[in-house]
Amino acid sequence: MPDTALKAPHQSANKLPRVFYRLAAGDALNMYGSQLDLVALSLFAYEAAGNALGTAGYLVLRLGGGIAGGLVAGRLVARLERRRLMAGCAVAQALALVVVALVPASMRIPVLYPLAVVLGGAAAVAAVALRTSIPEMVGPERRARANSLMASCRSTEMVLGFASAGVVVAWAGFRAALLIDAASFVLFGALVIRLPLPTRAAQPDEPSAEADAAAPDAATAESKRRGPRWRALIVLRAAPVVGAMAGIRLLDAFGSAAHNISLPVFANQSSPDNPAALLGTFWATWAIGNLGAQQLVSRFMLRRGIEPGERGFALGTCLMSVCFILVFTDLPTPLFLLVAIGAGLGDGFTEISYTTRIQALADERRGEAFGILASAENVGMGTGMLLSGSLLALLSPLTVVGVSHSVPIVLALGFLVMVARTRRR
């Protein structure tokens, strides 16, 4: 059945379709499984290889799969039925996890590393397909509310996944944890394949004669240039703001890698008796701020007709980066919790803002734009992990995180100035 054949149920301008809440819950379950398998497979790789290089190799290959998935996601989203694409990616991840869980010990490393590419690539393609489809599922005027709901559900389950991963692995073992994760992907695939919502913009039956006569050469030239080398350039030329946002997201992901790697070091230095308690407190407080971003958008901004966009993206990036730097400055506990909330608030607001802004693009451009951003984020995260891990042997966590997060702050402020000048013109 083609994507455009289904019609969303009638909803008021302020309400999301009821079935969309099921999708958000399924996506949250998917996120929980992703965080669970990220922790479980990282430990699994360390145990199988017998050294930290095993974990590093797994993470690098998984991020490499994400980069490759982002590069091809735009074309896949444009050509294939999106519900089936999302369900297929979920099944591919489930099968990969089952294979890793059941393979004999002697085959773990040869099997794990290629499947890391599958896991990273499938996750990237599924994320691009979902983000691209949301405006058609809920209507363009409700996309900010939908993104707010999705961000809240995902951030909550992400924290729960990280928090419970150690317990699940310790209590049930690697194989059980991976099979639980595989089951979460299967459930999501079953949910999305039966989703009674459109995922693609309706296309006119026939182009008008006037339109055909007006620009046949342009359309032909563009279609010829839609090879792998040109697709990203076409999108960036049509929407240069996407290129600016992709650059900021790349360096923001670099900063995210820096603080994720530095937090365990900082926790051991600041609270040597119980570093896990400090980490748990930080991420739980961060989650509160992330949920606060959803409330800010849905209860205050959207009700006043204010939609987060380019300026919200830039301001959220600045808030997030500043707060993550302050986390490493040995603040008193009340201030530490306050900046943790600010980091979560900025992170959630940035996610909602940039997703909502990219979804304003036409359907045929949206998939390519999200693919570019997915690849940029994975490149930033991968290089950030490699460089930050090396720099921490020489520099303090505050120095590494401060430098890594200062660059996106400067770029976000420059982007804010660019947006202001463009609007004045």
Side-chain angles (χ1 to χ4, degrees), residues 30-31 34 38 57-80 82 85-86 88-89 92-93 113-134 147 154 225-258 260 313 317 347 350-351 353-359 361-388 404 407-408 411-412 415:
N30 207 10
M31 175 56 67
S34 295
L38 182 60
Y58 167 75
L59 292 175
V60 168
L61 286 172
R62 184 163 175 155
L63 286 169
I67 295 169
L71 293 175
V72 302
R75 174 159 289 193
L76 294 176
V77 166
R79 291 186 172 187
L80 302 179
R82 292 173 185 172
L85 181 60
M86 287 185 276
C89 288
Q93 292 175 87
Y113 288 165
L115 291 180
V117 179
V118 175
L119 290 168
V125 172
V128 170
L130 178 58
R131 287 172 170 173
T132 304
S133 303
I134 283 177
N147 292 325
R154 288 172 67 88
R225 296 169 68 182
R226 282 186 176 273
R229 294 176 53 195
W230 294 101
R231 293 196 309 274
L233 294 177
I234 292 171
V235 174
L236 295 179
R237 187 183 65 181
V241 69
V242 174
M245 295 174 83
I248 295 172
R249 289 294 289 185
L250 186 153
L251 292 168
D252 180 42
F254 187 97
S256 295
N260 276 289
F313 169 77
T317 299
D347 210 346
T350 301
E351 172 73 16
S353 298
Y354 102 88
T355 304
T356 302
R357 173 60 184 84
I358 301 304
Q359 286 169 346
L361 296 174
D363 183 70
E364 63 273 12
R365 302 286 191 195
R366 208 180 298 145
E368 293 289 355
F370 277 124
I372 293 168
L373 286 165
S375 295
E377 290 171 12
N378 280 288
V379 168
M381 188 66 73
T383 55
M385 284 183 176
L386 293 174
L387 290 178
S388 298
S404 300
V407 178
L411 289 179
F415 178 73

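Each residue takes its place number in the sequence, starting with 1.
If you take OG1 on Thr356 and CG on Asn147, they are separated by 4.0 Å, rounding to the nearest 0.5 Å. Leu361 CG to Thr132 OG1: the interatomic distance, rounded to the nearest 0.5 Å, is 10.0 Å. Distance CE/Met385 to CG/Leu63: 5.5 Å, rounded to 0.5 Å. To the nearest 0.5 Å, atoms CG (Leu386) and CG (Leu59) are separated by 9.5 Å. Note that CD1 of Ile358 and CD1 of Ile134 are 13.0 Å apart. Values are rounded to the nearest 0.5 Å. To the nearest 0.5 Å, the span separating OG1 on Thr355 from CZ on Arg366 amounts to 12.0 Å.
When all heavy atoms are compared, the tightest approach of Ala412 to Ile248 is CA-CD1, 4.0 Å. Closest approach of Ser404 to Pro408, counting heavy atoms only: O-CD, 3.1 Å. Contact between Gly367 and Val128 at its shortest, heavy atoms only, is O-CG1, 3.5 Å. Closest approach of Gly70 and Ala124 over heavy atoms only: N-CB, 4.0 Å. Of all heavy-atom pairs between Cys89 and Val125, the closest is SG-CG1, 3.7 Å.
Within the 3.5 Å criterion, the main-chain N or O of Ser256 finds a donor-acceptor partner in the side chain of Asn260. Distance alone, capped at 3.5 Å, places no donor-acceptor pair between the Arg131 side chain and the Gln359 backbone.
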Evaluate the criterion side-chain contact (heavy atoms from CB on, under 4.5 Å) for residue pair Val407 and Phe254; output intermediate values, then yes/no.
CA-CA 10 Å; Val407 178; Phe254 187 97; over 6 Å; no
Exercise answer: donor-acceptor pairs, residues 374-381 side-chain atoms, under 3.5 Å, sequence neighbours excluded:
residue, atom, partner, partner atom, Å
Ser375, OG, Ile67, O, 2.9
Ser375, OG, Leu71, N, 3.1
Ser375, OG, Gly371, O, 3.3
Glu377, OE2, Arg249, NE, 3.1
Glu377, OE2, Arg249, NH2, 3.2
Glu377, OE2, Tyr354, OH, 2.9
Asn378, ND2, Ala374, O, 2.8

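A donor-acceptor pair shorter than 3.5 Å cannot be found between the side chains of Gln93 and Asn30.
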